[in-house]
Amino acid sequence: MDISQKTLKTIEEKKIRPEAKWHFLLKDYSLWFFFVFSVILGALSVSAILFMVTDHDWDVYEYLDRSLFEHVFISMPYLWISILLFLMFFAYYDFEHTRQGYRYEIHKIILASVLISIIFGAVLFFGGVGQGIHEVFSRQVPFYNNLVYDKYDVWDNPQKGLLSGEITNVENENEFLLRDFKGNFWRIDKEESLECLDRCFDESLIQTGRQIKLIGQMGTDSIFFVKAIRPWYKK
Amino acid sequence: MPENETFLDKKDEELVKLTLRDKENYRYLMGRYEEKLMRYIIRLCGATREDAEDILQNVFIKTYQNLNDFDTSLKFSSWIYRIAHNETISFLRKSSSRPKTINSEAGSFLLNTLKADLNMEEAIDEKNTAEEINKTIKGLDGKYRDVLILKYMEDKDYREISDILKKPPGTVATLLKRAREQLKKEILKHGYLSKNVKNN
């Protein structure tokens with residue numbers, strides 16, 4: 001008996017059947033679905049990275065007794081970069097396992113998925129999605145704020161000249177009340193004698209209910225002399 | 001016209017469709033690949049005829065089970081060679097043995113087809129080299145051995161090798177180039193050359 005005959009006999013005896021086509025289609029479509037899903041999540045990560053990089057105050061390192069290098073090193077959005085790298089690997093894995101994925105070089109697949117994520121990520125960032133993701137995660141995801149650069153922490157340093165919070169009452173353009181994010185009240189005075197760079201004091205930001213960041217000098221009795229005022233979010 | 005002959009004229013892809021309708025038609029596909037794949041399996045792992053038959057039977061059963069997964073954008077031969085390759089590697093892993101030397105007939109065949117590509121047309125001493133080449137190929141890294149066998153013994157082109165090994169065509173070209181270089185280096189190192197060439 002030759003091998004063909006033996007094989008047919010085995011097929012007959014063991015009642016072997018070809019697997020249904022939909023099994024294979026399901027597997028292939030699942031891989032494509034997860035590939036697209038990874039790229040979309042990658043785009044969301046890119047939008048969060050772009051938001052965190054552009055919203056960051058890269059110039060306040062001197063107030064925090066750090067060098068610029070230290071400040072940059074500490075402030076990078078490692079969490080989102082790690083998520084992006086993981087998703088890129090996942091996207092590569094999915095694509096490579098599709099029917100004809102093996103025909104493409106690894107660097108081309110990764111480069112293509114990174115480029116797609118960057119382009120869509122940039123679009124989402126300009127649409128405000130990056131900020132939204134960051135805010136939702138800040139509020140809803142436990143430990144998230146411990147894993148990313150903590151803006152609240154940096155801007156809760158009145159002794160070092162950095163303060164933030166919400167304006168509760170505006171007395172005049174040079175004086176207003178602020179409640180910091182811990183709930184303490186501060187009287188904010190514009191101190192003319194303090195050196196102020198060009199356009200650092202944007203009076204239009206002084207509105208009740210507005211969240212702001214302040215650079216200045218702490219006085220006594222919860223008074224803060226301000227020399228620069230910035231919106232809480234740059235955009 | 002006898003039934004056999006009608007089937008012999010059919011393309012592999014048509015036979016796949018006919019097999020899905022009636023498994024008896026599978027014998028024509030198997031008949032077409034039985035000898036080729038048997039040779040390939042033996043070349044790849046140097047198994048005994050008995051072991052190679054077991055591997056081949058598994059290949060045919062797996063192929064049958066996965067017929068609905070056959071991607072018509074590639075040749076059926078590439079697809080079944082891929083299954084045969086994977087089954088043979090799996091056999092080697094299970095038996096945890098290194099591939100044995102390929103037989104001397106295969107070695108001689110490989111040597112002849114390789115000579116021009118190695119730019120050693122006149123240089124290789126053919127008298128006892130085929131046997132030595134076998135040993136050299138056995139010593140090569142598996143990925144180099146795979147591409148050499150497919151290219152020079154199975155006469156597959158880059159695209160087919162790419163589909164069989166599931167590697168990008170560019171990678172196949174690189175592997176093949178390196179495999180040739182390594183083989184040439186080994187041939188020179190072990191002195192499988194005619195004396196007059198060695199002295200030059």
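Here is the naming used below: chain letters follow the sequence lines, and residue numbers restart at 1 for every chain. Bear in mind that the values here come from a model prediction, so they are computed numbers and not experimental data.
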Worksheet, complete the sentence: Residue pairs meeting side-chain hydrogen bond (donor to acceptor under 3.5 Å, both in side chains), one or both in residues 108-130 of chain A, sequence neighbours left out, come to none
Practice prompt. Can you establish whether the number of heavy atoms outside A:Phe181 located under 6.0 Å from its atom CZ is more than 12?
Written response: yes
Item to complete: Report the option among B:Ile61, B:Leu165, B:Thr171, B:Asp163 that has the most heavy-atom pairs separated by less than 4.5 Å from atoms of chain A.
Response: B:Asp163
Worksheet entry | Gap separating the CD atom of B:Glu24 from the CG atom of A:Leu8, nearest 0.5 angstrom | 5.5 Å
Worksheet item: Would you say A:Ile3 and B:Met38 make side-chain contact, with heavy atoms under 4.5 Å?
Response: yes
Discussion item. Taking side chain as everything from C-beta outward and backbone as N, CA, C, O, which of these in B:Ser73 sits under 4.5 Å from a heavy atom of chain A? Side chain, backbone, both or neither.
Written reply: both
Worksheet item: Should B:Tyr26 and A:Ser4 count as side-chain neighbours, where that means a heavy-atom distance under 4.5 Å?
Response: no
Discussion item. Within the structure provided, determine whether A:Glu19 and B:Asp69 are in side-chain contact (heavy-atom separation under 4.5 Å).
Written reply: no
Worksheet item: Where does B:Asn58 contact chain A at under 4.5 Å (heavy atoms): side chain, backbone, both or neither?
Response: neither
Discussion item. Can you confirm whether B:Asp155 is buried at CG, in the sense that more than 12 heavy atoms of other residues, nucleotides or ligands lie under 6.0 Å from that atom?
Written reply: no
Discussion item. Looking at A:Tyr93, I want to see if its OH is surrounded by more than 12 non-hydrogen atoms of other residues, nucleotides or ligands under 6.0 Å.
Written reply: no
Worksheet item: Do you know which of A:Arg99, A:Glu12, A:Gln100 has the most heavy-atom pairs with chain B at a distance under 4.5 angstrom?
Response: A:Arg99
Worksheet item: To the nearest 0.5 Å, how far apart are CD in A:Gln5 and CE in B:Met30?
Response: 9.0 Å
Practice prompt. Answer yes or no: does atom OH of A:Tyr29 have more than 12 heavy-atom neighbours from other residues, nucleotides or ligands under 6.0 Å?
Written response: no
Response to the item:
Cut-off 4.5 Å, heavy atoms of chain A, and the answer for B:Leu29 is neither
Worksheet entry | Option that, when pairs with chain A are counted at under 4.5 Å, heavy atom only, ranks first among B:Thr63, B:Asp71, B:Leu67 | B:Asp71
Worksheet item: If you take all heavy atoms of B:Pro168 and A:Tyr104, which pair is closest and at what distance?
Response: CG-O, 3.6 Å
Worksheet item: How about B:Glu34 and A:Thr7: do any of their side-chain heavy atoms sit closer than 4.5 Å?
Response: no
Worksheet item: Do other residues, nucleotides or ligands put more than 12 heavy atoms under 6.0 Å from A:Phe73 CZ?
Response: no
Worksheet, complete the sentence: Turns out that what part of B:Lys166 lies under 4.5 Å from chain A's heavy atoms comes down to both
Worksheet entry | Contacting moiety of B:Glu53, where chain A heavy atoms sit under 4.5 Å | both
Worksheet item: Nearest 0.5 Å, what's the NZ-CG distance between A:Lys21 and B:Leu20?
Response: 8.0 Å
Worksheet item: Around atom CZ of A:Arg210, are there more than 12 heavy atoms of other residues, nucleotides or ligands at under 6.0 Å?
Response: yes
Worksheet entry | From A:Ile106 atom CD1 to B:Lys167 atom NZ, the distance as rounded to the nearest 0.5 Å | 11.5 Å
Worksheet item: Taking atom NZ of A:Lys160 as the centre, does the number of heavy atoms from other residues, nucleotides or ligands within less than 6.0 Å exceed 12?
Response: yes
Worksheet item: Mind checking whether B:Gln65 and A:Ile16 have side chains closer than 4.5 Å, heavy atoms only?
Response: yes
Item to complete: Report, as yes or no, whether the 6.0 Å neighbourhood of atom CZ on A:Phe120 holds more than 12 heavy atoms from other residues, nucleotides or ligands.
Response: no
Practice prompt. Hey, could you give me the CH2/CG distance between A:Trp22 and B:Asn68, rounded to the nearest 0.5 Å?
Written response: 12.0 Å
Worksheet item: What do the steps show when you test B:Phe60 against A:Thr10 for side-chain contact (heavy atoms from CB on, under 4.5 Å), and what is the final call?
Response: CA-CA 10 Å; B:Phe60 283 148; A:Thr10 310; over 6 Å; no
